[in-house]
*Asks:* 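Please find one structure pasted underneath; my questions will follow.
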Amino acid sequence: MAVREIITLEHSILHNVAHEVCDFDSNDLELLVRDMIDTMQFNGGLGLAAPQIGVELRIIVFGYECSARYPDADPVPLTVLINPKLKLVTTEQVVASEGCLSLPGARYDVSRYAEIQYSGYNLNGGEIIRSVCGYHARVVQHEYDHLDGVLIGNRVKLPRSLEAI
Ligand code: NI
């Protein structure tokens, strides 16, 4: 088991757009993904993106049976998603509280699409396509944001008092 250090907000890597994975045959890729899963599970996260451990590649892992951090979340199968793409299934959005392992202690109300279709590749290069809703859709949108350098602080709606004068 190799738990890596999770970098926080002040590191520029978390604000960059990560690169696509080109080489699916490398041992390094398998080790990286294993470390990502170990690091996510050790820290009790629902998901983790490679930039959070300082690696600028478009890889996310997510999945849990039950979460102490999000007790209402339905279980999601442990998934490795490389070079993910997201498609909208609905324009309906849902606001819910989110945290992030890269922003220890912070919680933000974040609006996410209620249902999405995601696709990408597993560690063997096999294609994954799923349509999901609920926390599953939320966690994938959260982790996907990390690949584009977007943190939950950038997704927060304006406070009500600032919406109109
Ligand atoms: Ni996060």
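Numbering of residues begins at 1 and proceeds along the displayed sequence. Each ligand, and each atom within it, is numbered from 1 in the order the structure gives. Just so we're clear, the structure is a prediction, and the values are computed from it rather than from any experiment.
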*Asks:* Salt bridge between Arg112 and Glu98, side-chain N to carboxylate O under 4.0 Å?
*Replies:* yes
*Asks:* Any salt bridge (Lys or Arg N to Asp or Glu O under 4.0 Å) pairs touching residues 48-61, not counting sequence neighbours?
*Replies:* Arg58-Asp148
*Asks:* Quick check on Tyr121: does its OH atom have over 12 non-hydrogen neighbours (other residues, nucleotides or ligands) under 6.0 Å away?
*Replies:*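 Incorrect, the count does not exceed 12.
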*Asks:* Taking only distance into account, with no hydrogens and no angle test, what donor-acceptor pairs under 3.5 Å do side-chain atoms of residues 42-55 form with protein atoms, sequence neighbours excluded?
*Replies:*
{"from": "Asn43", "atom 1": "ND2", "to": "Thr39", "atom 2": "O", "distance (Å)": "2.7"}
{"from": "Gln52", "atom 1": "OE1", "to": "Ala49", "atom 2": "N", "distance (Å)": "3.0"}
{"from": "Gln52", "atom 1": "NE2", "to": "Ser102", "atom 2": "OG", "distance (Å)": "3.0"}

*Asks:* Hey, could you give me the CD1/CD distance between Ile116 and Gln141, rounded to the nearest 0.5 Å?
*Replies:* 4.5 Å
*Asks:* I'd like a table of donor-acceptor pairs (distance under 3.5 Å, sequence neighbours excluded) in which one partner is a side-chain atom from residues 80-87, with atom names and distances.
*Replies:*
{"from": "Asn83", "atom 1": "OD1", "to": "Val21", "atom 2": "N", "distance (Å)": "2.8"}
{"from": "Asn83", "atom 1": "ND2", "to": "Val21", "atom 2": "O", "distance (Å)": "3.0"}
{"from": "Lys85", "atom 1": "NZ", "to": "Glu20", "atom 2": "OE2", "distance (Å)": "3.3"}

*Asks:* Using a cut-off of 2.8 Å, find all protein N, O or S atoms closer to the Ni ion (ligand 1) than that distance.
*Replies:* Cys100 SG, His142 NE2, His146 NE2
